[in-house]
**Q** 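I am attaching a structure below and will ask some questions about it afterwards.
The residues of the chain are indexed from 1 along the displayed sequence.
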Amino acid sequence: MKIKFIKILSLIFIASLSFQADAISLNQAKKLYLKGEYEKAMPVFKREIKRNPRSANLNQWLGVCLYETGQIEESVKYLEYAHTKNIAESARYLSQIAFSKLDYKQAIELYEQYTEQLNKSNKEAPNNPSPSKMKHSKAMSMMNNVEDIQIIDSINVNKKDFFKQYKISLEAGSLNSTDVLPYEKPEVETTVFMPESNSRMLWAMPDSTNRLRLMETYKLTNNKWDKYSQLSDILNDNGNANYPFMLADGTTLYYSCDGENSLGGYDIYMSRKSLDNGTFLQPQNIGMPYNSPFNEYLLVIDEMTEIGWWATDRNQIPDSLTIYIFIPNEIRKNYSQDNENLGNLAAVKSIKDTWQEGVDYTEYLQRIKDINRENDDVDADFHFFLTNGIEYKTYTQFKSAEAKSLMKRREQMLSILDKNTRDLKGLRSTYHSATANNRQKVSDKILQLEKTILNARKDLKALENNIRSAELSKLNK
(Lines give C-alpha, C1' and ligand atoms only; values in the text may rest on other atoms or scores of the structure.)
Protein backbone atom coordinates (compact mmCIF):
# COMPACT_ATOMS: atom_id res chain seq x y z
CA MET A 1 0.00 0.00 0.00
CA LYS A 2 2.81 2.36 0.97
CA ILE A 3 4.68 1.68 -2.30
CA LYS A 4 1.55 2.41 -4.37
CA PHE A 5 1.08 5.69 -2.47
CA ILE A 6 4.68 6.73 -3.22
CA LYS A 7 4.19 5.89 -6.91
CA ILE A 8 1.05 8.01 -7.00
CA LEU A 9 2.92 10.93 -5.41
CA SER A 10 5.69 10.55 -7.97
CA LEU A 11 3.20 10.61 -10.84
CA ILE A 12 1.54 13.69 -9.39
CA PHE A 13 4.95 15.40 -9.07
CA ILE A 14 5.90 14.57 -12.67
CA ALA A 15 2.51 15.72 -13.89
CA SER A 16 2.97 18.94 -11.94
CA LEU A 17 6.32 19.60 -13.62
CA SER A 18 4.79 18.85 -17.00
CA PHE A 19 1.91 21.23 -16.27
CA GLN A 20 4.35 23.96 -15.20
CA ALA A 21 6.38 23.50 -18.39
CA ASP A 22 3.23 23.61 -20.52
CA ALA A 23 2.07 26.70 -18.64
CA ILE A 24 5.22 28.60 -19.67
CA SER A 25 5.41 29.79 -23.25
CA LEU A 26 8.54 29.64 -25.36
CA ASN A 27 8.89 33.43 -25.23
CA GLN A 28 8.67 33.34 -21.44
CA ALA A 29 11.32 30.61 -21.37
CA LYS A 30 13.62 32.78 -23.49
CA LYS A 31 13.26 35.62 -20.97
CA LEU A 32 14.06 33.25 -18.11
CA TYR A 33 17.07 32.03 -20.08
CA LEU A 34 18.38 35.57 -20.56
CA LYS A 35 17.98 36.20 -16.83
CA GLY A 36 20.08 33.13 -16.09
CA GLU A 37 17.16 31.16 -14.63
CA TYR A 38 18.18 28.06 -16.56
CA GLU A 39 16.43 25.51 -14.38
CA LYS A 40 13.05 27.16 -14.94
CA ALA A 41 13.56 27.55 -18.68
CA MET A 42 14.92 24.07 -19.33
CA PRO A 43 11.64 22.05 -19.23
CA VAL A 44 10.17 24.29 -21.92
CA PHE A 45 13.17 23.81 -24.21
CA LYS A 46 12.99 20.04 -23.65
CA ARG A 47 9.34 20.14 -24.63
CA GLU A 48 9.93 22.26 -27.73
CA ILE A 49 12.94 20.32 -28.97
CA LYS A 50 10.80 17.18 -29.21
CA ARG A 51 8.62 19.08 -31.64
CA ASN A 52 11.52 20.66 -33.53
CA PRO A 53 14.74 18.67 -32.94
CA ARG A 54 16.60 20.40 -35.79
CA SER A 55 16.20 23.91 -34.40
CA ALA A 56 19.69 25.32 -33.87
CA ASN A 57 18.47 27.81 -31.26
CA LEU A 58 16.58 25.22 -29.24
CA ASN A 59 19.62 22.94 -29.21
CA GLN A 60 21.76 25.88 -28.10
CA TRP A 61 19.38 27.00 -25.35
CA LEU A 62 18.86 23.48 -24.01
CA GLY A 63 22.58 22.75 -24.14
CA VAL A 64 23.39 25.89 -22.15
CA CYS A 65 20.66 25.13 -19.60
CA LEU A 66 22.04 21.64 -19.06
CA TYR A 67 25.61 22.97 -18.79
CA GLU A 68 24.72 25.74 -16.34
CA THR A 69 22.77 23.33 -14.11
CA GLY A 70 25.73 20.94 -13.88
CA GLN A 71 24.58 18.38 -16.44
CA ILE A 72 27.67 18.91 -18.55
CA GLU A 73 27.93 15.56 -20.31
CA GLU A 74 24.25 15.72 -21.32
CA SER A 75 24.77 19.21 -22.74
CA VAL A 76 27.43 18.20 -25.26
CA LYS A 77 25.23 16.68 -27.99
CA TYR A 78 22.95 19.74 -28.08
CA LEU A 79 25.85 22.20 -28.11
CA GLU A 80 27.64 20.22 -30.81
CA TYR A 81 24.53 20.32 -33.01
CA ALA A 82 24.20 24.08 -32.47
CA HIS A 83 27.88 24.43 -33.31
CA THR A 84 27.32 22.76 -36.70
CA LYS A 85 24.77 25.53 -37.33
CA ASN A 86 27.42 28.19 -36.57
CA ILE A 87 25.99 29.51 -33.32
CA ALA A 88 29.00 31.24 -31.78
CA GLU A 89 28.14 30.71 -28.11
CA SER A 90 28.04 26.94 -28.59
CA ALA A 91 31.71 26.99 -29.61
CA ARG A 92 32.61 28.88 -26.43
CA TYR A 93 30.74 26.43 -24.20
CA LEU A 94 32.32 23.45 -25.97
CA SER A 95 35.70 25.13 -25.52
CA GLN A 96 35.06 25.41 -21.79
CA ILE A 97 34.13 21.72 -21.64
CA ALA A 98 37.30 20.75 -23.51
CA PHE A 99 39.35 22.97 -21.21
CA SER A 100 37.90 21.34 -18.08
CA LYS A 101 39.02 17.99 -19.53
CA LEU A 102 42.54 19.43 -20.05
CA ASP A 103 42.11 19.05 -23.81
CA TYR A 104 43.76 22.42 -24.37
CA LYS A 105 44.36 21.97 -28.08
CA GLN A 106 40.66 21.36 -28.73
CA ALA A 107 39.77 24.18 -26.37
CA ILE A 108 41.93 26.64 -28.30
CA GLU A 109 40.53 25.57 -31.67
CA LEU A 110 36.95 25.97 -30.45
CA TYR A 111 37.68 29.31 -28.85
CA GLU A 112 39.22 30.57 -32.08
CA GLN A 113 36.10 29.42 -33.93
CA TYR A 114 34.00 31.30 -31.37
CA THR A 115 35.83 34.60 -31.92
CA GLU A 116 35.86 34.04 -35.70
CA GLN A 117 32.08 33.52 -35.74
CA LEU A 118 31.58 36.66 -33.64
CA ASN A 119 33.64 38.66 -36.14
CA LYS A 120 31.70 37.30 -39.11
CA SER A 121 28.39 38.21 -37.52
CA ASN A 122 29.73 41.63 -36.43
CA LYS A 123 28.83 40.79 -32.83
CA GLU A 124 30.88 41.58 -29.75
CA ALA A 125 31.56 39.47 -26.71
CA PRO A 126 29.41 40.40 -23.68
CA ASN A 127 30.49 43.62 -21.96
CA ASN A 128 30.05 42.04 -18.53
CA PRO A 129 31.14 38.44 -18.92
CA SER A 130 30.41 35.93 -16.17
CA PRO A 131 33.26 34.75 -13.89
CA SER A 132 33.43 31.44 -15.79
CA LYS A 133 33.82 33.30 -19.10
CA MET A 134 36.55 35.49 -17.62
CA LYS A 135 38.49 32.50 -16.31
CA HIS A 136 38.15 30.80 -19.66
CA SER A 137 39.51 33.87 -21.46
CA LYS A 138 42.46 34.03 -19.05
CA ALA A 139 43.18 30.38 -19.69
CA MET A 140 43.28 30.96 -23.44
CA SER A 141 45.67 33.85 -22.83
CA MET A 142 47.92 31.68 -20.66
CA MET A 143 48.32 29.25 -23.52
CA ASN A 144 50.52 31.89 -25.16
CA ASN A 145 53.03 31.63 -22.30
CA VAL A 146 53.46 28.00 -21.26
CA GLU A 147 56.77 27.68 -19.42
CA ASP A 148 59.29 25.20 -20.79
CA ILE A 149 60.32 23.16 -17.76
CA GLN A 150 61.66 19.64 -17.38
CA ILE A 151 59.52 17.52 -15.05
CA ILE A 152 61.82 14.73 -13.93
CA ASP A 153 59.40 12.70 -11.81
CA SER A 154 55.87 12.53 -10.45
CA ILE A 155 54.32 10.68 -7.51
CA ASN A 156 50.73 10.14 -6.41
CA VAL A 157 50.25 10.63 -2.67
CA ASN A 158 47.45 10.84 -0.13
CA LYS A 159 46.23 14.42 0.16
CA LYS A 160 46.55 14.40 3.93
CA ASP A 161 50.01 15.66 4.93
CA PHE A 162 51.14 15.53 1.28
CA PHE A 163 53.86 18.07 2.03
CA LYS A 164 55.82 15.43 3.97
CA GLN A 165 56.71 13.85 0.62
CA TYR A 166 58.68 16.96 -0.40
CA LYS A 167 62.37 16.14 0.15
CA ILE A 168 64.09 19.50 0.43
CA SER A 169 67.46 20.54 1.84
CA LEU A 170 67.92 22.21 5.21
CA GLU A 171 68.96 25.38 3.42
CA ALA A 172 65.56 25.57 1.69
CA GLY A 173 63.76 25.58 5.05
CA SER A 174 61.14 23.21 6.38
CA LEU A 175 57.47 22.40 5.76
CA ASN A 176 55.49 21.68 8.90
CA SER A 177 52.03 20.96 10.19
CA THR A 178 50.27 23.51 12.38
CA ASP A 179 51.45 21.60 15.45
CA VAL A 180 54.61 23.74 15.45
CA LEU A 181 52.64 26.97 15.92
CA PRO A 182 53.01 28.51 19.40
CA TYR A 183 49.42 29.77 19.20
CA GLU A 184 45.97 28.22 18.94
CA LYS A 185 46.03 25.93 15.93
CA PRO A 186 43.91 27.04 12.94
CA GLU A 187 41.40 24.35 12.01
CA VAL A 188 42.12 24.57 8.29
CA GLU A 189 44.26 22.70 5.81
CA THR A 190 47.54 24.60 5.63
CA THR A 191 51.29 24.22 6.00
CA VAL A 192 53.74 26.19 8.13
CA PHE A 193 56.92 27.25 6.34
CA MET A 194 60.07 27.99 8.33
CA PRO A 195 63.39 29.13 6.81
CA GLU A 196 66.67 27.44 7.66
CA SER A 197 67.17 29.75 10.65
CA ASN A 198 63.82 28.62 12.16
CA SER A 199 63.31 32.27 13.12
CA ARG A 200 60.19 32.90 11.08
CA MET A 201 56.88 31.17 10.35
CA LEU A 202 54.47 31.61 7.44
CA TRP A 203 51.06 29.92 7.29
CA ALA A 204 47.37 30.57 6.60
CA MET A 205 44.43 31.08 8.91
CA PRO A 206 40.91 32.55 8.54
CA ASP A 207 40.17 36.19 9.31
CA SER A 208 36.94 37.55 10.80
CA THR A 209 35.17 37.00 7.45
CA ASN A 210 36.40 33.37 7.29
CA ARG A 211 38.70 34.19 4.36
CA LEU A 212 42.11 32.50 4.51
CA ARG A 213 44.97 34.97 4.77
CA LEU A 214 48.72 34.49 5.04
CA MET A 215 50.19 35.11 8.48
CA GLU A 216 53.73 35.51 9.75
CA THR A 217 55.58 35.67 13.02
CA TYR A 218 59.21 36.10 14.07
CA LYS A 219 61.25 34.66 16.92
CA LEU A 220 62.31 37.25 19.49
CA THR A 221 65.74 37.48 21.15
CA ASN A 222 64.41 35.61 24.20
CA ASN A 223 63.47 32.68 21.91
CA LYS A 224 59.77 33.40 22.28
CA TRP A 225 57.57 34.05 19.28
CA ASP A 226 56.20 37.50 18.60
CA LYS A 227 52.47 38.08 18.10
CA TYR A 228 51.56 37.00 14.58
CA SER A 229 50.47 39.49 11.94
CA GLN A 230 48.61 39.33 8.65
CA LEU A 231 50.42 39.78 5.35
CA SER A 232 49.15 42.29 2.81
CA ASP A 233 45.57 42.01 1.53
CA ILE A 234 46.95 42.38 -1.99
CA LEU A 235 48.13 38.75 -1.84
CA ASN A 236 44.57 37.44 -1.63
CA ASP A 237 43.41 38.63 -5.08
CA ASN A 238 39.91 38.74 -3.53
CA GLY A 239 40.12 35.05 -2.63
CA ASN A 240 41.80 32.69 -0.16
CA ALA A 241 45.59 32.55 0.18
CA ASN A 242 47.32 29.41 1.49
CA TYR A 243 50.40 27.11 1.36
CA PRO A 244 53.22 29.71 1.47
CA PHE A 245 56.89 29.16 0.61
CA MET A 246 59.60 31.80 0.56
CA LEU A 247 62.95 31.63 -1.19
CA ALA A 248 66.15 32.10 0.78
CA ASP A 249 66.28 35.73 -0.39
CA GLY A 250 63.48 36.47 2.08
CA THR A 251 61.53 38.48 -0.51
CA THR A 252 60.22 36.04 -3.15
CA LEU A 253 56.99 34.38 -2.03
CA TYR A 254 55.15 31.53 -3.72
CA TYR A 255 51.71 30.50 -2.50
CA SER A 256 48.33 29.12 -3.57
CA CYS A 257 45.32 31.37 -4.14
CA ASP A 258 41.79 30.92 -5.49
CA GLY A 259 41.36 34.60 -6.32
CA GLU A 260 40.00 36.39 -9.35
CA ASN A 261 42.96 35.50 -11.55
CA SER A 262 42.93 31.77 -10.84
CA LEU A 263 41.82 29.26 -13.48
CA GLY A 264 39.75 27.29 -11.02
CA GLY A 265 40.25 26.51 -7.35
CA TYR A 266 43.76 27.16 -6.06
CA ASP A 267 46.44 28.38 -8.50
CA ILE A 268 50.12 29.08 -7.79
CA TYR A 269 50.89 32.80 -7.41
CA MET A 270 54.16 34.66 -6.89
CA SER A 271 54.92 38.01 -5.28
CA ARG A 272 58.03 39.89 -4.14
CA LYS A 273 58.65 42.40 -1.42
CA SER A 274 59.40 45.93 -2.52
CA LEU A 275 62.97 46.94 -1.69
CA ASP A 276 61.75 50.47 -1.01
CA ASN A 277 59.13 49.94 1.70
CA GLY A 278 59.03 46.18 2.36
CA THR A 279 55.44 45.74 1.18
CA PHE A 280 54.45 42.97 -1.21
CA LEU A 281 54.02 43.85 -4.87
CA GLN A 282 51.00 42.92 -7.00
CA PRO A 283 50.98 39.08 -7.12
CA GLN A 284 51.15 37.26 -10.44
CA ASN A 285 49.55 33.98 -11.45
CA ILE A 286 52.55 31.99 -12.71
CA GLY A 287 50.49 30.31 -15.43
CA MET A 288 50.94 26.95 -17.09
CA PRO A 289 51.96 24.17 -16.82
CA TYR A 290 51.82 24.76 -13.07
CA ASN A 291 48.16 25.80 -13.02
CA SER A 292 45.00 24.21 -14.41
CA PRO A 293 41.19 24.36 -13.95
CA PHE A 294 41.76 22.20 -10.84
CA ASN A 295 43.66 22.88 -7.57
CA GLU A 296 47.39 23.46 -7.32
CA TYR A 297 49.25 23.53 -4.02
CA LEU A 298 52.56 24.48 -2.41
CA LEU A 299 55.21 25.28 -5.01
CA VAL A 300 58.69 24.91 -3.49
CA ILE A 301 62.03 25.69 -5.13
CA ASP A 302 65.09 24.18 -3.45
CA GLU A 303 67.98 26.33 -4.64
CA MET A 304 70.56 23.99 -3.14
CA THR A 305 69.48 20.94 -5.15
CA GLU A 306 68.13 23.05 -8.06
CA ILE A 307 64.88 21.08 -7.86
CA GLY A 308 61.29 22.32 -7.60
CA TRP A 309 58.08 20.73 -6.34
CA TRP A 310 54.36 21.39 -6.66
CA ALA A 311 51.17 19.39 -6.08
CA THR A 312 47.90 19.21 -8.02
CA ASP A 313 44.59 17.34 -8.07
CA ARG A 314 44.21 17.73 -11.85
CA ASN A 315 44.53 13.97 -12.35
CA GLN A 316 41.35 13.53 -10.30
CA ILE A 317 42.46 10.57 -8.22
CA PRO A 318 40.09 10.42 -5.20
CA ASP A 319 41.64 11.78 -1.96
CA SER A 320 45.03 12.00 -3.69
CA LEU A 321 47.36 14.55 -5.20
CA THR A 322 50.04 14.28 -7.85
CA ILE A 323 53.37 15.84 -6.90
CA TYR A 324 55.50 16.99 -9.82
CA ILE A 325 59.26 17.30 -9.40
CA PHE A 326 60.92 19.65 -11.90
CA ILE A 327 64.03 21.63 -12.78
CA PRO A 328 63.32 25.35 -12.29
CA ASN A 329 64.56 27.87 -14.84
CA GLU A 330 66.79 30.70 -13.67
CA ILE A 331 65.05 32.89 -16.25
CA ARG A 332 61.60 31.95 -17.48
CA LYS A 333 61.60 30.28 -20.90
CA ASN A 334 58.34 29.56 -22.72
CA TYR A 335 57.46 26.99 -25.36
CA SER A 336 56.95 28.23 -28.90
CA GLN A 337 53.29 28.78 -29.77
CA ASP A 338 53.96 26.76 -32.91
CA ASN A 339 54.70 23.66 -30.84
CA GLU A 340 52.22 21.02 -32.01
CA ASN A 341 52.24 19.42 -28.56
CA LEU A 342 51.62 22.67 -26.67
CA GLY A 343 48.25 21.61 -25.28
CA ASN A 344 49.63 18.37 -23.81
CA LEU A 345 52.66 20.19 -22.40
CA ALA A 346 50.44 22.76 -20.70
CA ALA A 347 48.27 20.01 -19.18
CA VAL A 348 51.27 17.76 -18.32
CA LYS A 349 49.73 14.79 -20.10
CA SER A 350 53.11 13.02 -19.94
CA ILE A 351 56.20 14.14 -18.05
CA LYS A 352 58.35 12.46 -20.72
CA ASP A 353 57.16 15.08 -23.19
CA THR A 354 59.05 17.67 -21.14
CA TRP A 355 62.40 15.83 -21.19
CA GLN A 356 65.25 17.06 -23.32
CA GLU A 357 66.76 14.58 -25.73
CA GLY A 358 69.93 12.93 -24.44
CA VAL A 359 69.69 14.41 -20.92
CA ASP A 360 70.13 12.00 -18.00
CA TYR A 361 68.11 13.08 -14.96
CA THR A 362 69.56 10.42 -12.65
CA GLU A 363 71.85 12.97 -11.03
CA TYR A 364 68.91 15.18 -10.00
CA LEU A 365 67.01 12.25 -8.54
CA GLN A 366 70.13 11.21 -6.64
CA ARG A 367 70.36 14.68 -5.10
CA ILE A 368 66.95 14.09 -3.57
CA LYS A 369 68.02 10.70 -2.20
CA ASP A 370 71.16 12.22 -0.72
CA ILE A 371 69.29 14.79 1.34
CA ASN A 372 69.87 14.08 5.02
CA ARG A 373 67.70 16.17 7.27
CA GLU A 374 68.03 16.22 11.01
CA ASN A 375 64.88 15.15 12.83
CA ASP A 376 63.55 13.62 9.64
CA ASP A 377 60.03 12.39 10.37
CA VAL A 378 58.97 10.95 7.02
CA ASP A 379 58.09 7.68 8.76
CA ALA A 380 55.97 9.39 11.43
CA ASP A 381 52.51 7.89 11.91
CA PHE A 382 51.21 11.22 13.22
CA HIS A 383 52.27 14.38 15.09
CA PHE A 384 50.96 14.73 18.62
CA PHE A 385 52.27 16.99 21.37
CA LEU A 386 51.80 15.16 24.63
CA THR A 387 53.03 18.06 26.73
CA ASN A 388 55.52 20.90 26.39
CA GLY A 389 58.69 19.58 24.76
CA ILE A 390 57.37 16.04 24.21
CA GLU A 391 56.10 15.07 20.76
CA TYR A 392 54.88 11.61 19.80
CA LYS A 393 55.20 10.50 16.18
CA THR A 394 54.73 6.72 16.26
CA TYR A 395 52.48 4.28 18.08
CA THR A 396 55.51 2.51 19.57
CA GLN A 397 56.22 5.52 21.80
CA PHE A 398 53.11 4.96 23.89
CA LYS A 399 53.48 3.35 27.30
CA SER A 400 49.74 3.26 27.88
CA ALA A 401 47.72 0.72 25.86
CA GLU A 402 44.61 2.85 26.45
CA ALA A 403 46.29 5.99 25.06
CA LYS A 404 47.55 4.04 22.05
CA SER A 405 44.03 2.77 21.32
CA LEU A 406 42.60 6.28 21.69
CA MET A 407 45.26 7.61 19.29
CA LYS A 408 44.08 5.18 16.61
CA ARG A 409 40.55 6.46 17.11
CA ARG A 410 41.90 10.04 16.82
CA GLU A 411 43.42 9.26 13.42
CA GLN A 412 40.09 7.87 12.22
CA MET A 413 38.30 10.98 13.44
CA LEU A 414 40.85 13.22 11.71
CA SER A 415 40.33 11.35 8.46
CA ILE A 416 36.55 11.82 8.65
CA LEU A 417 36.97 15.46 9.65
CA ASP A 418 39.34 16.00 6.74
CA LYS A 419 36.78 14.58 4.28
CA ASN A 420 33.94 16.65 5.76
CA THR A 421 36.07 19.80 5.55
CA ARG A 422 36.80 19.14 1.86
CA ASP A 423 33.11 18.47 1.23
CA LEU A 424 32.21 21.74 2.95
CA LYS A 425 34.65 23.63 0.77
CA GLY A 426 33.11 22.02 -2.31
CA LEU A 427 29.59 22.96 -1.20
CA ARG A 428 30.62 26.56 -0.63
CA SER A 429 32.08 26.66 -4.12
CA THR A 430 28.89 25.11 -5.52
CA TYR A 431 26.76 27.67 -3.67
CA HIS A 432 28.40 30.61 -5.46
CA SER A 433 27.78 29.10 -8.90
CA ALA A 434 24.34 27.64 -8.13
CA THR A 435 21.12 29.01 -9.52
CA ALA A 436 18.81 30.93 -7.22
CA ASN A 437 16.49 27.91 -6.93
CA ASN A 438 19.29 25.54 -5.90
CA ARG A 439 21.02 27.86 -3.43
CA GLN A 440 18.61 27.12 -0.58
CA LYS A 441 19.22 23.36 -0.93
CA VAL A 442 22.99 23.88 -0.96
CA SER A 443 22.73 26.33 1.96
CA ASP A 444 20.87 23.73 4.07
CA LYS A 445 23.61 21.16 3.36
CA ILE A 446 26.30 23.69 4.28
CA LEU A 447 24.65 24.51 7.61
CA GLN A 448 24.23 20.82 8.46
CA LEU A 449 27.84 19.98 7.58
CA GLU A 450 29.14 23.01 9.53
CA LYS A 451 27.28 21.72 12.59
CA THR A 452 28.71 18.21 12.08
CA ILE A 453 32.25 19.59 11.78
CA LEU A 454 31.86 21.81 14.86
CA ASN A 455 30.69 18.86 16.97
CA ALA A 456 33.49 16.67 15.59
CA ARG A 457 36.12 19.24 16.57
CA LYS A 458 34.75 19.39 20.10
CA ASP A 459 34.83 15.59 20.33
CA LEU A 460 38.38 15.57 18.92
CA LYS A 461 39.64 18.01 21.57
CA ALA A 462 38.04 15.92 24.31
CA LEU A 463 39.62 12.76 22.89
CA GLU A 464 43.08 14.38 22.74
CA ASN A 465 42.77 15.40 26.39
CA ASN A 466 41.91 11.79 27.26
CA ILE A 467 44.99 10.59 25.35
CA ARG A 468 47.24 12.97 27.32
CA SER A 469 45.63 12.01 30.61
CA ALA A 470 46.03 8.26 30.00
CA GLU A 471 49.63 8.49 28.79
CA LEU A 472 50.87 10.97 31.41
CA SER A 473 49.37 8.92 34.24
CA LYS A 474 51.36 5.94 32.96
CA LEU A 475 54.57 7.96 32.60
CA ASN A 476 54.28 9.43 36.09
CA LYS A 477 54.05 6.03 37.79
Side-chain angles (χ1 to χ4, degrees), residues 102 104 138-155 163 165-169 171-173 175 193 195-196 243-257 261-263 266-273 275 280-292 296-312 314 322-368 370-371:
L102 303 183
Y104 294 155
K138 286 169 187 170
M140 294 299 100
S141 176
M142 283 185 186
M143 289 296 297
N144 296 325
N145 298 283
V146 179
E147 185 169 2
D148 182 352
I149 58 172
Q150 300 163 71
I151 303 175
I152 60 177
D153 202 1
S154 66
I155 50 175
F163 63 90
Q165 303 300 322
Y166 287 44
K167 307 296 191 302
I168 60 176
S169 64
E171 291 80 1
L175 307 171
F193 170 73
E196 180 185 11
Y243 302 103
F245 171 80
M246 185 163 281
L247 291 182
D249 62 12
T251 63
T252 305
L253 174 70
Y254 289 95
Y255 64 102
S256 297
C257 181
N261 288 289
S262 77
L263 295 181
Y266 279 121
D267 275 14
I268 306 296
Y269 284 59
M270 186 273 289
S271 181
R272 289 190 176 91
K273 273 191 173 182
L275 297 178
F280 280 99
L281 302 174
Q282 183 69 41
Q284 301 295 320
N285 184 313
I286 67 171
M288 299 174 178
Y290 309 100
N291 295 321
S292 74
E296 274 67 42
Y297 307 95
L298 191 60
L299 185 139
V300 170
I301 295 179
D302 188 338
E303 295 173 287
M304 285 299 296
T305 60
E306 298 179 325
I307 292 172
W309 307 70
W310 95 90
T312 175
R314 71 182 66 184
T322 299
I323 296 176
Y324 289 119
I325 306 169
F326 68 102
I327 302 174
N329 294 315
E330 291 186 15
I331 300 175
R332 184 169 180 128
K333 177 179 64 173
N334 295 330
Y335 288 107
S336 167
Q337 293 181 43
D338 296 329
N339 192 314
E340 294 182 357
N341 201 32
L342 186 63
N344 288 339
L345 290 165
V348 193
K349 292 289 187 178
S350 169
I351 66 171
K352 290 184 179 180
D353 289 345
T354 72
W355 295 356
Q356 291 186 359
E357 188 175 353
V359 177
D360 185 0
Y361 297 107
T362 305
E363 178 188 347
Y364 287 94
L365 296 173
Q366 189 60 44
R367 291 178 195 176
I368 298 173
D370 290 342
I371 291 173

**Q** Shortest non-hydrogen contact from D267 to S292?
**A**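 Scanning both residues, the minimum pair turns out to be OD1-O, 3.6 Å.
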**Q** Assess the residue pair T312 and E296 against the criterion (side-chain hydrogen bond (donor to acceptor under 3.5 Å, both in side chains)); give the C-alpha distance rounded to whole Å, side-chain angles, the decisive distance to 0.1 Å, and a yes or no.
**A** CA-CA 4 Å; T312 175; E296 274 67 42; 2.5 Å; yes
**Q** Search all heavy atoms of W309 against all heavy atoms of Q165 and return the closest pair with its distance.
**A**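 So the minimum-distance heavy-atom pair works out to CZ3-O, 3.6 Å.
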**Q** Specify the closest pair of heavy atoms between V348 and P289, including all atoms of both residues, with the distance to one decimal.
**A**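 So the minimum-distance heavy-atom pair works out to CG2-CB, 3.8 Å.
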**Q** So does I286 get a backbone contact from the side chain of R332, meaning a donor-acceptor N/O pair under 3.5 Å?
**A**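 Yes; at least one donor-acceptor contact below 3.5 Å.
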**Q** Answer yes or no: is there a donor N or O on one side and an acceptor on the other, between the side chain of Y266 and the main chain of Y255, under 3.5 Å?
**A**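 It does not hold such a pair.
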**Q** Do any N or O atoms from the side chain of T251 and from the backbone of K273 form a donor-acceptor pair under 3.5 angstrom?
**A**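 No, because the side chain of T251 does not come within donor-acceptor range (under 3.5 Å) of the backbone of K273.
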**Q** Nearest 0.5 Å, what's the CD1-CD distance between I371 and Q366?
**A**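 If I round to the nearest 0.5 Å, the distance is 11.0 Å.
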**Q** Can you name the nearest heavy-atom pair linking D302 to S169, along with the distance?
**A**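 Taking every non-hydrogen atom into account, OD2-N, 2.7 Å.
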**Q** Just wondering, do Q150 and Y364 contact through their side chains at under 4.5 Å, heavy atoms?
**A**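 No - every pair of side-chain heavy atoms lies 4.5 Å or more apart.
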**Q** Given side chains that start at C-beta, do those of L299 and F326 come closer than 4.5 Å, heavy atoms only?
**A**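 In contact.
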**Q** With distance as the sole test, does T305 use its side chain to make a donor-acceptor pair with the main-chain N or O of R367 at under 3.5 Å?
**A**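 Checking the backbone N and O of R367 against the side chain of T305, no donor-acceptor pair under 3.5 Å is found.
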**Q** So how far is it from I351 CD1 to K349 NZ, rounded to the nearest 0.5 Å?
**A**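 Separation between the atoms: 15.0 Å.
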**Q** Looking at N329 and K333, what are the two nearest heavy atoms and their distance?
**A**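 For N329 versus K333, the nearest heavy atoms are ND2-N, 4.0 Å.
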**Q** Can you tell me how far CZ of F245 sits from CZ of F193, rounded to the nearest 0.5 angstrom?
**A**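 Atom-to-atom, F193:CZ and F245:CZ are 5.0 Å apart.
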**Q** Is there a side-chain contact between T322 and R314, using heavy atoms and a 4.5 Å cut-off?
**A**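 Counting from C-beta outward, T322 and R314 never come under 4.5 Å.
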**Q** Can you check whether Y361 reaches D153 side chain to side chain, under 4.5 Å on heavy atoms?
**A**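 Result no, sub-4.5 Å side-chain heavy-atom pair not found.
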**Q** Give, for atom CG of L298 and atom CH2 of W310, the distance between the pair rounded to the nearest 0.5 Å.
**A**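 That separation rounds to 12.5 Å.
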**Q** Can you see whether N344 engages D353 through a side-chain donor-acceptor pair at a distance of less than 3.5 angstrom?
**A**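 No - no donor-acceptor pair under 3.5 Å links their side chains.
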**Q** To the nearest 0.5 Å, what is the distance between OG1 on T354 and CG on L345?
**A**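 If I round to the nearest 0.5 Å, the distance is 7.5 Å.
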**Q** Has the side chain of S271 got a donor or acceptor atom that lies under 3.5 Å from a matching backbone atom of L281?
**A**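 Pair found, side chain donor or acceptor close to backbone of L281.
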**Q** Do N261 side-chain atoms and N285 backbone N/O form a donor-acceptor pair below 3.5 Å?
**A**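 No: the side chain of N261 does not pair with the backbone of N285.
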**Q** Which atom names give the shortest non-hydrogen contact between I301 and P328, and what distance separates them?
**A**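 Looks like CG2-CG, 3.9 Å.
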**Q** Which distance, rounded to the nearest 0.5 Å, do you find between the CG of L365 and the CD1 of I325?
**A**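 So the CG of L365 and the CD1 of I325 are separated by 7.0 Å.
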